Visitor: 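Okay, handing you the structure first.
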Amino acid sequence: MSVSRGEMGPSLTQEILSHLGLANKTAAWGTLGTLRTFLSFSVDKDVQKLLRAITGQGVDHSAIIEVLTNRSREQRQLLSRAFWERTQQSLQAALSGNLERIVVALLQPLAQSDAQELRTALKASSPAKDVALEILATRAPPRLQECLQAYKRDFQVEAEEDIKSGTSSILQDLLLALAKGSRESYCGITDYNLAEQDVKVLQQGEGPGKEDPWVQIFSQRNPEHLRRVFDLYQWHTGQALEEAVRDRFHGDAQVALLTLASVVRNTPLYFADKLHQGLQETEPNYQVLTRILISRSEIDLLSIRAEFKKKFGKSLYSSLQDTVKGDCQQALLALCRAEDL
């Protein structure tokens with residue numbers, strides 16, 4: 001199967017809108033994801049297609065990818081259950097390697113996929129802790145709670161316990177605070193007095209042993225409020241908040257605060273940077289590419305594509321096409337959806 005713009009890409013109008021609106025335009029323009037509910041969806045017909053794909057002389061990877069990357073996550077869940085009921089086996093049993101991992105991620109419930117990524121990050125070496133921050137900081141409160149419930153169910157331990165045993169210092173404090181899911185919701189009104197107070201608190205809480213105010217503000221305030229705080233901080237001090245973090249914090253504390261600041265300032269740009277990093281390694285980082293492309297495919301991947309093209313001068317679609325090979329290329333291109341001119 002070839003991923004052509006004519007068959008799979010959004011309309012020209014949608015493509016133009018994707019460049020006009022970033023993450024904060026979701027409510028105005030509708031979903032900024034690349035995958036949408038398939039209107040002619042039929043569980044029985046799709047299961048038949050998938051069965052034909054695995055029962056021939058060789059597994060038809062293209063047919064599997066075509067079905068799964070043209071259905072919403074809810075529709076893929078229905079397909080996964082129906083396929084199991086019909087065959088008593090999982091679809092991924094017919095696959096291997098990185099393509100199998102992509103198909104597993106496509107078929108999993110979102111909460112389970114996030115829980116597994118979070119578990120891997122918390123049990124890995126220090127560089128993987130940014131994945132834990134990514135998941136805890138970018139998931140909406142209901143989705144985060146589902147993730148944490150799945151974590152406890154699948155691993156028989158609270159995520160908080162693994163955070164405590166696998167991290168320390170301000171990184172642990174930030175992860176624990178984010179895991180509580182107590183970030184305020186934006187009500188459409190900016191509290192300028194509170195923003196001024198927060199700036200003063202951050203100025204007073206600079207230096208070793210004074211991280212608590214930073215943890216509290218970064219983990220509890222909504223992104224709209226925090227962006228106002230960042231602007232006011234620079235206006236009052238003449239220094240960007242990120243520069244202050246680099247001057248006053250080190251190690252895990254610096255990395256954690258800079259990661260959260262990046263997420264707050266521009267979430268699509270944060271993910272664009274992560275995708276670019278995943279494509280610049282000696283071998284493509286399929287774990288990073290798969291996690292981001294699938295998790296954002298029904299949320300804001302069009303915005304991420306726009307930020308990627310704007311910053312790196314090359315589209316995400318072309319970058320994937322040049323770097324990723326084989327069936328994995330076909331699957332990831334299908335998720336990306338179309339070229340950005």
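Not measured: the values here are computed from a predicted model.
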Visitor: If every non-hydrogen atom of Q330 is compared with every non-hydrogen atom of S62, which pair is closest and at what distance?
Guide: NE2-OG, 3.1 Å

Visitor: Count the heavy atoms of every other residue, nucleotide or ligand shown that sit under 6.0 Å from CD of E283, and state whether that count exceeds 12.
Guide: no

Visitor: Per the salt bridge (Lys or Arg N to Asp or Glu O under 4.0 Å) rule, which among E224, E307, E242 passes with R265?
Guide: E242

Visitor: Could you report the tightest heavy-atom contact between L144 and L178, atom names first, then the distance?
Guide: CD2-O, 3.4 Å

Visitor: Which is it for Q321 and E339 under the side-chain hydrogen bond (donor to acceptor under 3.5 Å, both in side chains) test, yes or no, and what are the steps along the way?
Guide: CA-CA 10 Å; Q321 206 167 31; E339 182 69 86; over 6 Å; no

Visitor: Who are the ring pair (Phe, Tyr, Trp, His ring centres under 6.0 Å) partners of F230, not counting sequence neighbours?
Guide: F218

Visitor: Ignoring hydrogens and angles, write down the donor-acceptor pairs under 3.5 Å from the side chains of residues 93-103, residues two or more places apart or on other chains.
Guide:
unit_1: N98; atom_1: OD1; unit_2: R101; atom_2: NH1; d: 2.8

Visitor: Taking it one step at a time, do R221 and E184 satisfy side-chain contact (heavy atoms from CB on, under 4.5 Å)?
Guide: CA-CA 5 Å; R221 301 291 191 252; E184 302 162 350; 3.1 Å; yes

Visitor: If you apply the rule salt bridge (Lys or Arg N to Asp or Glu O under 4.0 Å), what do you find for R291 with E134, and how did you get there?
Guide: CA-CA 11 Å; R291 182 183 69 251; E134 173 192 313; 3.0 Å; yes

Visitor: Run D252 and K129 through salt bridge (Lys or Arg N to Asp or Glu O under 4.0 Å) and show every step you take.
Guide: CA-CA 9 Å; D252 284 346; K129 297 303 186 292; over 6 Å; no

Visitor: Among D114, L148, I299, L110, which one satisfies side-chain contact (heavy atoms from CB on, under 4.5 Å) with R139?
Guide: D114

Visitor: Kindly check if the number of other-residue, nucleotide or ligand heavy atoms within 6.0 Å of CD (E74) is above 12?
Guide: no

Visitor: With distance as the sole criterion, is a donor-acceptor pair present between the side chains of H236 and Q203 under 3.5 Å?
Guide: no

Visitor: Can you find a side-chain donor-acceptor pair between T259 and S262 that sits under 3.5 Å?
Guide: no

Visitor: Can you name the ring pair (Phe, Tyr, Trp, His ring centres under 6.0 Å) partners of F308, sequence neighbours left out?
Guide: H276, F312

Visitor: So do R227 and V264 actually touch side chain to side chain, heavy atoms under 4.5 Å?
Guide: yes

Visitor: Excluding sequence neighbours, so at least two apart, what forms side chain to side chain contact (heavy atoms under 4.5 Å, CB included) with K311?
Guide: L269, D273

Visitor: Could you walk me through whether E146 and Q112 pass side-chain hydrogen bond (donor to acceptor under 3.5 Å, both in side chains), step by step?
Guide: CA-CA 8 Å; E146 290 175 0; Q112 184 180 3; over 6 Å; no

Visitor: Return yes if a side-chain donor-acceptor contact under 3.5 Å exists between Q239 and D247, otherwise no.
Guide: yes

Visitor: I would like to know whether R246 and E243 meet salt bridge (Lys or Arg N to Asp or Glu O under 4.0 Å); could you show each step before the answer?
Guide: CA-CA 5 Å; R246 292 188 183 95; E243 293 176 6; over 6 Å; no

Visitor: Can you name the ring pair (Phe, Tyr, Trp, His ring centres under 6.0 Å) partners of Y286, sequence neighbours left out?
Guide: none

Visitor: Going by the rule side chain to side chain donor-acceptor pair (under 3.5 Å), which residues pair with R86 if we only count those two or more places apart in sequence or in a different chain?
Guide: D44

Visitor: Are a donor atom and an acceptor atom from the side chains of Q108 and Q116 found within less than 3.5 Å of each other?
Guide: yes

Visitor: Could you give the distance from CZ (R337) to CG (L35), rounded to the nearest 0.5 Å?
Guide: 5.0 Å

Visitor: For Q75 and D46: C-alpha separation, side-chain torsions, deciding distance, then whether side-chain hydrogen bond (donor to acceptor under 3.5 Å, both in side chains) applies.
Guide: CA-CA 10 Å; Q75 290 174 331; D46 280 350; over 6 Å; no

Visitor: Tell me, yes or no, whether the heavy-atom count around K180 atom NZ, taken from other residues, nucleotides or ligands under 6.0 Å, exceeds 12.
Guide: no

